[in-house]
2 protein chains.
Amino acid sequence: MVERKRADLDAVFAALASEPRRRMLERLRAGQANISEIAEPFDMSLFGVSKHLKVLEQAGLVRREIVGREHRFAAEIDAIADAERWMQTHLAFWHLRLDALDKHIQKSSVPTKRGKKRT
Amino acid sequence: MVERKRADLDAVFAALASEPRRRMLERLRAGQANISEIAEPFDMSLFGVSKHLKVLEQAGLVRREIVGREHRFAAEIDAIADAERWMQTHLAFWHLRLDALDKHIQKSSVPTKRGKKRT
DNA sequence: CTAAACATCAACCACATGGTTGAACGAAAA
DNA sequence: TTTTCGTTCAACCATGTGGTTGATGTTTAG
């Protein structure tokens, strides 16, 4: 197995909790880019963009490759996949519970007041 | 259509970017609970927990129902589903691109130096 | 060599976040 | 009514975040 370090969910979710950063990720879906290119559509200082990219990098959402005087960034998939897994699990448990509730409702649809509901 | 207001992704992701809050959500998968019950496993003041729950509530991740002197919380699914959708989309684009790259590699596996790669 | 391009650094500001405490308030139980 | 329970409020503190600027450092181009 690839000894990939488990993504820090706190960092991943925090990095995603910013519209500019999500847009930068979307930008990188089209291929790699350097900071100036990434900064282009934003009304923000270059250094501001650089800071955002550092957040994404530390969360493992992008990879930086320094080539001469430019820093080229590329989207990274594993971190986001980990976060997605947490959500999937959460949703799965949720649906399990809804199913259970459904069954419960069907059972107690008989109007005899026998079952004591705790809620 | 249910006129459900689009979840604010910033708020949802930010709310999820905290281990205590994720644990609280996990707790609520087992059913609703009031603040004291939710606070039980945490080494934190009641008011601290209350603040976390407010964050979850404002992100639309939980629903609060005031019953007498207690505030009962229940997990809410739509907001998380929205965030999950963003991730799904992101991953989908990613895989599309990987597929395209695969094809490109297969094409250019013939050693004639015809295709000009821009990267 | 000199100049331009790409990016960083340190310092700063304003504001949000995560946590505490002690006082207070409304509802329920005695 | 008095007490207790569940929770909020205001105030406070420390730290993190999002943004700026001006100076600096490297790499490439002229």
Side-chain angles (χ1 to χ4, degrees), chain A residues 8-28 31-75 79 83 118-119, chain B residues 7-28 31-74 79 83 118-119:
Chain A
D8 177 349
L9 283 189
D10 277 24
V12 174
F13 281 126
L16 292 176
S18 150
E19 213 249 341
R21 284 197 290 266
R22 286 194 304 275
R23 278 174 59 200
M24 293 178 192
L25 278 184
E26 287 163 8
R27 162 66 180 83
L28 289 179
Q32 20 171 53
N34 65 24
I35 298 195
S36 309
E37 290 163 350
I38 295 172
E40 197 267 330
F42 292 93
D43 184 23
M44 192 189 303
S45 73
L46 260 182
F47 193 49
V49 173
S50 173
K51 277 178 160 184
H52 279 299
L53 287 168
K54 190 169 298 174
V55 173
L56 289 170
E57 184 185 17
Q58 286 176 344
L61 289 165
V62 304
R63 186 169 18 88
R64 179 194 307 247
E65 187 191 1
I66 303 181
V67 175
R69 64 184 165 185
E70 20 184 320
H71 293 209
R72 319 216 95 245
F73 290 85
R118 285 188 49 259
T119 307
Chain B
D8 176 350
L9 282 189
D10 276 25
V12 174
F13 281 126
L16 292 176
S18 151
E19 213 248 341
R21 283 196 290 264
R22 287 194 303 275
R23 280 173 58 201
M24 291 177 193
L25 278 184
E26 288 163 6
R27 162 66 180 84
L28 288 180
Q32 22 171 52
N34 64 24
I35 298 195
S36 309
E37 288 163 352
I38 295 172
E40 196 266 331
F42 293 93
D43 184 22
M44 193 190 302
S45 73
L46 262 182
F47 192 49
V49 173
S50 173
K51 277 177 160 184
H52 278 300
L53 287 168
K54 189 170 301 176
V55 172
L56 289 170
E57 184 186 16
Q58 285 175 346
L61 289 164
V62 303
R63 186 170 17 88
R64 181 195 305 248
E65 188 191 0
I66 303 181
V67 176
R69 62 185 167 185
E70 25 185 318
H71 294 207
R72 319 216 93 243
F73 289 85
R118 284 190 51 257
T119 306

Which donor-acceptor pairs under 3.5 Å do the side chains of residues 39-56 of chain A make with protein atoms, sequence neighbours left out?
| unit_1 | atom_1 | unit_2 | atom_2 | d |
| --- | --- | --- | --- | --- |
| A:S45 | OG | A:G48 | N | 2.9 |
| A:H52 | ND1 | A:R21 | NH1 | 3.1 |

Determine the minimum heavy-atom distance between A:A79 and A:A59, stating which atoms define it.
CB-O, 3.6 Å
Please list, in 5' to 3' order, the outermost nucleotides of DNA chain C lying under 4.0 Å from any heavy atom of chain A.
C:dA4 to C:dA10
Rounded to the nearest 0.5 Å, what's the gap from CZ on B:F73 to CD on B:Q32? Could you check?
11.0 Å
CD1 of B:I35 to CE of B:M24, rounded to nearest 0.5 Å, is 9.5 Å
Residues passing the side-chain contact (heavy atoms from CB on, under 4.5 Å) test with B:A14, sequence neighbours excluded, are A:A17
Within the sub-3.5 Å range, which N or O atoms of nucleotides 2-10 of chain D have a protein N or O partner, and how far apart are they?
| unit_1 | atom_1 | unit_2 | atom_2 | d |
| --- | --- | --- | --- | --- |
| D:dC5 | O2 | B:R69 | NH1 | 3.3 |
| D:dT7 | OP1 | B:I35 | N | 3.2 |
| D:dT7 | OP1 | B:H71 | N | 3.0 |
| D:dT7 | OP1 | B:H71 | O | 3.3 |
| D:dT7 | OP2 | B:I35 | N | 3.4 |
| D:dT7 | OP2 | B:S36 | N | 2.8 |
| D:dT7 | OP2 | B:S36 | OG | 2.7 |
| D:dT7 | O3' | B:H71 | ND1 | 3.4 |
| D:dT8 | OP1 | B:R64 | NH1 | 2.5 |
| D:dT8 | OP1 | B:H71 | ND1 | 3.1 |
| D:dT8 | OP2 | B:S50 | OG | 2.5 |

Roughly how far, to the nearest 0.5 Å, is CD of A:E19 from CG of B:D8?
10.0 Å
At what distance, to the nearest 0.5 angstrom, does CD1 of B:I38 lie from CZ of B:R23?
12.5 Å
Per-pair distances, 0.1 Å, donor-acceptor, side chain in residues 64-71 of chain A, under 3.5 Å, sequence neighbours excluded:
| unit_1 | atom_1 | unit_2 | atom_2 | d |
| --- | --- | --- | --- | --- |
| A:R64 | NE | A:E57 | OE1 | 3.1 |
| A:R64 | NE | A:E57 | OE2 | 3.2 |
| A:R64 | NH1 | A:H71 | ND1 | 2.9 |
| A:R64 | NH2 | A:E57 | OE1 | 2.7 |
| A:E70 | OE1 | A:N34 | ND2 | 3.0 |
| A:E70 | OE1 | A:R72 | NE | 3.4 |

Residues in side chain to side chain donor-acceptor pair (under 3.5 Å) contact with B:R27, at least two apart in sequence or another chain
none
Side chain to side chain donor-acceptor pair (under 3.5 Å) with B:E26: which residues, sequence neighbours excluded?
A:W86
Pairwise N/O distances under 3.5 Å, protein to nucleotides 15-18 of chain D:
| unit_1 | atom_1 | unit_2 | atom_2 | d |
| --- | --- | --- | --- | --- |
| D:dG18 | OP1 | A:R21 | NH2 | 3.2 |
| D:dG18 | OP2 | A:R21 | NH1 | 3.0 |

